[in-house]
Student: 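Shown below is the structure under consideration.
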There are 2 protein chains.
Amino acid sequence: MTVRREPMSRRERPAKPALSRPGIVDTAVRIMRAEGLDKVTMRRLAQELDTGPASLYVYVSNTAELHAAVLDALLGEVDLAAEGGEENWREQLMAVLTSYTMVLFQHPQLARSALVARPSGENYLRLLNRILDLLSRSGAAVEQVAWGVDKLLQTATATAAEHSARKGDPAAQEDWDALTGVLHSVDENTHPAVRAHMPALIGGAGERLRWGFEVLINGITSTPVPRGDS
Amino acid sequence: MTVRREPMSRRERPAKPALSRPGIVDTAVRIMRAEGLDKVTMRRLAQELDTGPASLYVYVSNTAELHAAVLDALLGEVDLAAEGGEENWREQLMAVLTSYTMVLFQHPQLARSALVARPSGENYLRLLNRILDLLSRSGAAVEQVAWGVDKLLQTATATAAEHSARKGDPAAQEDWDALTGVLHSVDENTHPAVRAHMPALIGGAGERLRWGFEVLINGITSTPVPRGDS
DNA sequence: ACCTGAACACCGTTCAAGT
DNA sequence: ACCTGAACACCGTTCAAGT
């Protein structure tokens, strides 16, 4: 009788699996997809893994590092192959950047943390390598390409982070509304330039991303790095 | 005797001043300067003002809005006058952008929050107006100027936010070290482009900011907005 | 209208102790 | 080496009650 009880309870609580870094990161990703990044806390994660928060510190040194690991996992979704002929580096570059941005758009809170805690994972490295390769086909100097890639990734990340204002967050739509409201009713005499640029200042949501990348690519390939730097 | 007691105790606790939004924001700024933005919490602020956290919600609707108010207060320090002759819009623009970036560099955590919660305060508006005015002297189309200013402010803000990795934060230096470490020891066969751009990928801290602005200005003034957009 | 005490529902991280 | 319970030192926000 006691013989039977043992397997039963195993089936009910399906053999709590041993902790491991991959397992922890997987669970973190699952929580994020289901409920957003701010639910990915040490305590919540521990609960999900049927243990105490202290146990996680064997595999992860703090919350920031955990979020970085989640980001790198997500970066696996970026499409590096991208359509467009081998010779058309510009279109390919645009496609990869767009793919990266779209992945981050899905989780703007991650983009936010990516700006601060520089990622250095496997998937990030692959992405970096790919973009460097594409941009270097422009024929620009090595320094321009190196610094330029940084700028491209920065815009993409920052744009996605800003996006958390529109989506996700509850009170963040209000910020946007507040800004557009203020811009619409700005005083002609004190802020003439704002007035003069007014419809454009707010509009063009969709085209802005692509235009932003084009601006950067044009600027990067035509602006030499100050001499004497490596 | 009781007559004397009253003024005494007034002198010891110097007449708790009435709460007000400006007073709250001032205190918040003071705490930030002294101990950093993450000490600027509702609870801590209430303690400083000798009241309970609930009382603050009469003047401030949440923590994000509080931080936005602190940011706008700080933006008052940006030097909009900037040296350089009236005719040299490029140098003036560069000076204003640099001043803005420097102010944010002092408080990178604020820059971080500025990316998400779009500011719309008085000082932000002044800055926006000034940069629009300067950039419009390039002769570029209105749409390019409007979208371009957004890009310029975005880079400045994002660069400052990234800066929180190097300064301030304790474990964030580690991220940077981790990244440079990984980049230095990357495999030639799997990531040839990273290898090829290696010294430049990491170096050039100081010149990068100016180069970044130049790239944008060049790109903005030479890249037309897709037609049909305002 | 403004202010408050108290509560609800959480956090990250550490550390001594166990296995 | 890995895991845990318990504690320390905090959070934001709400709400009924008071002035």
Side-chain angles (χ1 to χ4, degrees), chain A residues 13 15-25 27-28 31-32 34-71 109-110 112-113 116-117 164-165 168-175, chain B residues 13 15-25 27-28 31-32 34-71 109-110 112-113 116-117 164-165 168-175:
Chain A
R13 286 193 172 254
K16 181 181 157 184
L19 287 178
S20 71
R21 208 185 136 99
I24 288 170
V25 174
T27 310
I31 295 175
M32 185 194 57
E35 304 172 56
L37 188 67
D38 37 49
K39 291 291 160 53
V40 182
T41 67
M42 292 305 222
R43 290 183 112 106
R44 176 63 202 285
L45 190 51
Q47 185 187 306
E48 208 84 5
L49 290 164
D50 203 11
T51 181
S55 307
L56 303 177
Y57 283 82
V58 178
Y59 304 94
V60 153
S61 50
N62 53 49
T63 310
E65 204 215 277
L66 173 65
H67 288 183
V70 169
L71 173 64
Q109 310 174 85
L110 256 190
R112 226 186 133 182
S113 84
V116 186
S164 75
D169 250 287
Q173 174 71 28
E174 285 172 32
D175 287 336
Chain B
R13 286 195 170 252
K16 180 180 156 185
L19 287 177
S20 73
R21 210 187 136 99
I24 288 171
V25 174
T27 310
I31 296 175
M32 185 194 58
E35 304 172 56
L37 187 68
D38 38 50
K39 291 288 158 57
V40 182
T41 66
M42 291 306 220
R43 290 183 112 105
R44 175 65 201 284
L45 190 50
Q47 185 187 304
E48 207 84 6
L49 291 164
D50 203 12
T51 181
S55 308
L56 303 177
Y57 283 83
V58 177
Y59 304 96
V60 153
S61 53
N62 53 50
T63 309
E65 204 216 276
L66 173 66
H67 287 185
V70 169
L71 172 65
Q109 309 174 85
L110 258 189
R112 226 186 134 181
S113 83
V116 185
S164 76
D169 247 289
Q173 175 68 30
E174 286 172 32
D175 287 338

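Values reported hereafter were calculated over all heavy atoms of this structure, with side chains retained and with hydrogens, waters and symmetry mates removed. Sequence lines set the chain letters: A, B, ... in the order given, protein chains first and strands last, and positions in each chain run from 1.
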Student: When you measure from the side chain of B:Tyr57, which nucleotide among D:dC11, D:dC3, D:dT13 comes out closest?
Tutor: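 From the listed options, D:dT13 comes nearest.
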Student: C:dG12 pairs with which nucleotide, Watson-Crick or G-U wobble, both distances below 3.5 Å?
Tutor: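 Across all strands, the one nucleotide that pairs with C:dG12 is D:dC8.
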Student: Rounded to whole Å, how long is the line connecting atom OH of A:Tyr59 with atom P of C:dT13?
Tutor: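 The distance from OH of A:Tyr59 to P of C:dT13 comes to 18 Å, rounded to the nearest Å.
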Student: Roughly how far, to the nearest 0.5 Å, is CZ of B:Arg112 from CD of B:Gln109?
Tutor: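 The CZ atom of B:Arg112 is 8.0 Å from CD of B:Gln109, to the nearest 0.5 Å.
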Student: Whole-Å distance between C:dG12 P and A:Asn62 CG?
Tutor: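 One finds 11 Å between P of C:dG12 and CG of A:Asn62, rounded.
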Student: Measure the distance from CZ on A:Arg44 to P on C:dT13 and round it to the nearest whole Å.
Tutor: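 It works out to 18 Å between those atoms.
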Student: Rounding to a whole Å, what distance do you find between A:Met42:CE and D:dC3:P?
Tutor: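 To the nearest whole Å, that distance equals 14 Å.
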Student: Taking atom C1' in both D:dC11 and C:dA7, compute the distance separating them and give it to the nearest angstrom.
Tutor: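 Result for the C1' pair: 14 Å, nearest Å.
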Student: Quick one, A:Leu19 and A:Ser55 - any side-chain contact, counting heavy atoms below 4.5 Å?
Tutor: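 The answer is yes; the side chains approach within 4.5 Å.
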Student: Looking only at side-chain N and O atoms, does A:Thr51 come under 4.0 Å of OP1 or OP2 in D:dC3?
Tutor: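 For A:Thr51, the contact criterion (side-chain N or O under 4.0 Å from OP1 or OP2 of D:dC3) is not met.
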Student: For B:Arg43 and B:Leu19, find the nucleotide of DNA chain C closest to each by heavy atoms; which residue's nucleotide sits nearer the 5' end?
Tutor: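 Closer to the 5' end of DNA chain C: B:Leu19.
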Student: Determine the contact category for B:Thr63: base if any of its heavy atoms lies under 4.0 Å from a base atom, sugar-phosphate if only primed atoms, P, OP1 or OP2 are that close, otherwise nothing.
Tutor: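 The residue B:Thr63 makes sugar-phosphate contact but no base contact.
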Student: Could you tell me whether B:Glu65 and B:Arg21 have a side-chain N and a carboxylate O separated by less than 4.0 Å?
Tutor: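 Looking at B:Glu65 and B:Arg21, the cut-off is met.
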Student: Starting at atom CD of A:Glu65, determine the distance to atom P of C:dG12, rounded to an integer number of angstrom.
Tutor: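 So the two atoms are 14 Å apart, to the nearest Å.
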Student: Taking CG from B:Leu56 and C1' from D:dC11, how many angstroms apart are they, rounded to a whole number?
Tutor: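 Computing the B:Leu56:CG to D:dC11:C1' distance gives 14 Å.
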Student: Watson-Crick or G-U wobble partner for D:dG18, using a 3.5 Å limit on both distances?
Tutor: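 Across any shown strand, D:dG18 pairs with C:dC2.
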Student: Take B:Ala64 and A:Pro53, find for each the nucleotide of DNA chain D with the closest heavy atom, and name the residue whose nucleotide sits nearer the 5' end.
Tutor: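 Nearest-nucleotide comparison on DNA chain D picks A:Pro53.
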Student: So, for A:Met42 and A:Val60, which heavy atoms are closest and what is the spacing to 0.1 Å?
Tutor: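 Reported closest heavy-atom pair: CE-CG1, 3.7 Å.
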Student: Side chain of B:Ala54, heavy atoms from C-beta onward: which of C:dC3, C:dG5, C:dC15 has the nearest atom to it?
Tutor: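 Selected nucleotide: C:dG5.
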Student: Send over the distance from A:Lys39 NZ to C:dC10 C1', rounded to a whole Å.
Tutor: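 So the NZ-C1' distance, A:Lys39 to C:dC10, works out to 11 Å.
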Student: Report which part of the nucleic acid B:Thr41 touches: base, sugar-phosphate, or nothing (heavy-atom distance under 4.0 Å, all strands).
Tutor: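 Here B:Thr41 touches the backbone only, sparing every base.
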Student: Between C1' on C:dC10 and CD on A:Glu35, what's the gap in Å once rounded to a whole number?
Tutor: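 The answer, rounded to whole Å, is 14 Å.
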Student: The side chain of A:Ser55 lies closest to which of these nucleotides: D:dC2, D:dG12, D:dT4?
Tutor: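 The nucleotide sitting nearest to the side chain is D:dT4.
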Student: Could you give the distance from CZ (A:Arg44) to CG (A:Leu49), rounded to the nearest 0.5 Å?
Tutor: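 Those atoms lie 10.5 Å apart.
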